[in-house]
Amino acid sequence: QGQVVESGGGLVQPGDSLRLSCAASGAPYTRYTMGWFRQAPGKEREFVAAIRGTLGNTFYADSVKGRFSISRDNAKNMVYLQMNSLKPEDSAVYYCAATTQTLIASTIRQMGQYDYWGQGTQVTVSS
């Protein structure tokens, strides 16, 4: 049974940076495809970024491309989301998710493809 736990959320000002962390356990970590999703009040949960296991290919939502960066440390079973140039519209609860499936580009952005979810961490961008 896999498990993921997020950390690193907080209150920041527009233009600031923040790094979220996610610890994964359970299956051999390198098998996991890891993703970040977010949900703002009154909105549906949406894809933010993902990184494949072995090859480390990365994928981003258009809204965060160029500002956010996903990475992983296989030795520590960790995945990170570096968020730069934060905007008020980035405010949301951010969720880490994992799956042992090898997802293709057309499915890696789909919530239903992920088996394990964290409890979420709040990110608030406000002046």
Query - Non-hydrogen atoms of Gln122 and Ala92 that approach each other most closely - result: NE2-O, 3.5 Å
Requested in this report: Please test Ser71 against Gln82 for side chain to side chain contact (heavy atoms under 4.5 Å, CB included), starting from the C-alpha separation and ending with a verdict.
Outcome: CA-CA 8 Å; Ser71 62; Gln82 177 67 41; over 6 Å; no
**Report entry** Ile51 side, atom CD1; Thr58 side, atom OG1 - distance, nearest 0.5 Å
**Finding:** 6.5 Å
Query raised in the report: Would a 4.5 Å heavy-atom cut-off, applied to side chains only, mark Thr100 and Tyr32 as touching?
Result: yes
Report task. Provide the closest heavy-atom pair for Asn74 versus Asn77 in the form atom of the first, atom of the second, distance. Result -> O-OD1, 3.3 Å
Report summary line: Smallest heavy-atom separation, Pro14 atom then Ser126 atom, equals CD-C, 3.7 Å
Query raised in the report: Shared ILVMFWY cluster between Ile70 and Leu103, side chains joined below 4.5 angstrom?
Result: no
Query raised in the report: How long is the gap from CG on Leu81 to OH on Tyr94, to the nearest 0.5 Å?
Result: 7.5 Å
Query raised in the report: Can you name the nearest heavy-atom pair linking Ser91 to Ala40, along with the distance?
Result: O-CB, 3.7 Å
Query raised in the report: Would Trp117 and Arg45 satisfy side chain to side chain contact (heavy atoms under 4.5 Å, CB included), going step by step from the backbone distance to the final call?
Result: CA-CA 12 Å; Trp117 290 82; Arg45 194 172 299 187; 3.4 Å; yes
Requested in this report: Could you state whether Phe47 and Met111 fall into the same hydrophobic cluster, counting links through intermediate Ile, Leu, Val, Met, Phe, Trp or Tyr residues with side-chain heavy atoms under 4.5 angstrom apart?
Outcome: yes
Query raised in the report: Residues in ring pair (Phe, Tyr, Trp, His ring centres under 6.0 Å) with Tyr95, at least two apart?
Result: none
Report summary line: In this structure, CZ of Arg52 is separated from CZ of Arg72 (nearest 0.5 Å) by 11.5 Å
Query raised in the report: Does Gly120 offer a backbone N or O that forms a donor-acceptor pair with the side chain of Glu6 under 3.5 Å?
Result: yes
Report summary line: When rounded to the nearest 0.5 Å, the distance separating CD1 of Ile104 from CG of Asn57 is 13.0 Å
Report task. For the pair Gln101 (side chain) and Gln113 (backbone), establish whether a donor and an acceptor sit closer than 3.5 Å, ignoring hydrogens and angles. Result -> yes
**Report entry** disulfide bond (SG atoms under 2.5 Å apart) contacts in which one or both residues fall within residues 85-127, not counting sequence neighbours
**Finding:** Cys22-Cys96
**Report entry** Least distance between heavy atoms, Thr121 atom then Gly9 atom
**Finding:** OG1-N, 3.1 Å
Query raised in the report: Hey, what's the ring geometry for Phe37 with Tyr114, parallel, tilted or perpendicular (30° and 60° as the breaks)?
Result: perpendicular
Query raised in the report: More than 12 non-hydrogen atoms from neighbouring residues, nucleotides or ligands closer than 6.0 Å to CD on Gln119, yes or no?
Result: yes
Requested in this report: To the nearest 0.5 Å, tell me how far Tyr80 OH sits from Trp36 CH2.
Outcome: 10.5 Å
Query - side chain to side chain contact (heavy atoms under 4.5 Å, CB included) between Val4 and Met34, intermediate numbers included - result: CA-CA 10 Å; Val4 293; Met34 304 294 295; 4.1 Å; yes
**Report entry** Pairs where residues 84-107 contributes a residue and the test salt bridge (Lys or Arg N to Asp or Glu O under 4.0 Å) is met, not counting sequence neighbours
**Finding:** Arg38-Asp90, Arg67-Asp90
Query - From CZ (Phe68) to CG (Leu20), nearest 0.5 Å - result: 8.0 Å
Report task. Verify the cluster assignment for Val93 and Met83: are they in a single hydrophobic cluster under the rule of side-chain heavy atoms below 4.5 Å apart? Result -> no
Query raised in the report: So Val125 and Asp16, side chain to side chain contact (heavy atoms under 4.5 Å, CB included) or not? Walk me through it.
Result: CA-CA 8 Å; Val125 185; Asp16 284 353; over 6 Å; no
